Enquirer: 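My structure is below; once you've seen it, I'll send some questions.
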2 protein chains.
Amino acid sequence: MLSLTKKSEYALIAICHLARVGERVVSAREIAELHQVPLPLLMNILKQLNQAGCVNSVRGARGGYSLAVPADSLTLSAVLRAVEGPVRLVNCAPVGTGSRACERAGICSIRSPIHKLHHQFLRFLDEVTVSDVAFDEAYYERPVGMNGEAAVSE
Amino acid sequence: MLSLTKKSEYALIAICHLARVGERVVSAREIAELHQVPLPLLMNILKQLNQAGCVNSVRGARGGYSLAVPADSLTLSAVLRAVEGPVRLVNCAPVGTGSRACERAGICSIRSPIHKLHHQFLRFLDEVTVSDVAFDEAYYERPVGMNGEAAVSE
DNA sequence: GGAATATAGCATCTGACGGGTACCATTTCA
DNA sequence: TGAAATGGTACCCGTCAGATGCTATATTCC
């Protein structure tokens, strides 16, 4: 429960890869092979990230994707929202579009405190950037190259 | 996504109700009627909360449930864990029993930073008590974030 | 003692959705 | 012109959240 889905996981892997390679355009195939992610699924995810404005796409042969926003400006929150829809700790949370009134809104005894929690949680996600995840010190301590080929044993 | 389930929602409502009435033993029926929660489902949830040691149960006529722990000692984390199992932001998170090695552990490029996030998230849940939720005024906001915080070992 | 009330512990059902696949159109490069 | 890549859409399938039902057991009240 309260867990990230595979989609989020793959999205983060792809986004972090793009962040690490910098400006270069990378194809879905390349990312899928390097990180052993199912290619068709990754393609769907990258499409979503593109629609959400997280990545730019280049069509045609030699096409691919690149970050649309600097890694330190792209929040975890934005990436997750792109592939999962709005993050809602509780269904009755007011998330703008798509939020429908909770059927228990009138009598709900935990509505107010849960909404506060919800907003704290959103802030939590908003304060983490792709840069934080992609350029984690622990990652660089490993024998992994920027181009990704790596076999790290634990 | 990343949302609490109905089970968690009902569990929190029940727990908060128990917290508010103090020592008194309250039946599942009473809580269900007051808060318009499906009774059979609530009964299941209260059973789980009992097994997890969050609430005490009294069997027989005039029986019911009461908090097993002071409201300000019972964490949100404990309640959620009772009804949902271990909170795991990612499936590969080390949660003691039940954790199985991630099949991509060796090559996963986001493992370390995500694990840090996971632990911060757990701390986030650990710092909120039932008292905070049940007695809203007592609730206060804390800054959360990834940067500038003490590193959490895995 | 017996009926009523309430929890304990199962076992089961069903719809929704996460995870994954397939197909075709479109664009670009060689 | 064909290969390589994205764009868009529709679909399948297994799992699980959400909910229900039944029986056993414990306690209270008459």
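All figures in this text were calculated on a predicted structure; none of them were measured in a lab. Order of the sequence lines fixes the chain letters, A, B, ..., with proteins taken first and strands second; residue numbering starts at 1 for each chain.
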Enquirer: Without decimals, in angstroms, what is the distance between Lys47(B) NZ and dA24(D) C1'?
Expert: 11 Å
Enquirer: Tyr65(B) side chain N/O closer than 4.0 Å to the phosphate oxygens (OP1, OP2) of dA8(C)?
Expert: yes
Enquirer: Could you check how far CG of Leu42(A) sits from P of dG20(C), rounded to whole Å?
Expert: 12 Å
Enquirer: Looking at Gln51(B), I'd like to know whether one of its side-chain N or O atoms comes within less than 4.0 Å of OP1 or OP2 on dG9(C).
Expert: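 Yes, because at least one side-chain N or O of Gln51(B) sits under 4.0 Å from OP1 or OP2 of dG9(C).
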Enquirer: DNA chain D: Gly63(A) or Leu4(B), which has the more 5' nearest nucleotide?
Expert: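 Its nucleotide being nearer the 5' end, the pick is Gly63(A).
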Enquirer: Taking CD from Gln36(B) and P from dA19(D), how many angstroms apart are they, rounded to a whole number?
Expert: 14 Å
Enquirer: To the nearest Å, how far apart are Asn44(A) CG and dG7(D) P?
Expert: 11 Å
Enquirer: Rounded to whole Å, how long is the line connecting atom CD1 of Ile31(A) with atom C1' of dA5(D)?
Expert: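 Atom-to-atom, Ile31(A) to dA5(D), this comes out as 13 Å.
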Enquirer: Round to a whole Å and report the spacing from NZ of Lys7(A) to C1' of dT21(C).
Expert: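 Rounded to whole Å, this separation is 14 Å.
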Enquirer: Output yes when at least one side-chain N/O atom of Ser57(B) is less than 4.0 Å from OP1 or OP2 of dA6(C), else no.
Expert: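 No, outside the criterion.
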Enquirer: Would you kindly check whether a donor in the side chain of Arg59(B) faces an acceptor in the base of dT25(D), or vice versa, at under 3.5 angstrom?
Expert: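 It does, because a donor-acceptor pair links the side chain of Arg59(B) to the base of dT25(D) below 3.5 Å.
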Enquirer: Using a cut-off of strictly less than 4.0 Å, decide whether Tyr10(B) has a side-chain nitrogen or oxygen near OP1 or OP2 of dA19(D).
Expert: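 Yes, such a contact exists.
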Enquirer: Could you state the CG-P distance from Leu41(B) to dT12(C), rounded to the nearest angstrom?
Expert: 19 Å
Enquirer: Distance check: side-chain N/O of Asn50(A) vs OP1/OP2 of dG7(D), anything under 4.0 Å?
Expert: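 Yes, such a contact exists.
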Enquirer: Grouping I, L, V, M, F, W and Y whenever their side-chain heavy atoms are under 4.5 Å apart, do Ile31(A) and Val25(A) come out in a common cluster?
Expert: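 In one cluster with Ile31(A): Val25(A), no.
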Enquirer: Within this structure, what is the CE-to-P distance between Met43(B) and dT25(D), rounded to whole angstrom?
Expert: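 Whole-Å distance recorded here is 16 Å.
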Enquirer: Regarding Thr129(A) and Asp72(A), is there a side-chain donor-to-acceptor distance under 3.5 Å anywhere?
Expert: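 Not at all, the side chains of Thr129(A) and Asp72(A) share no donor-acceptor pair under 3.5 Å.
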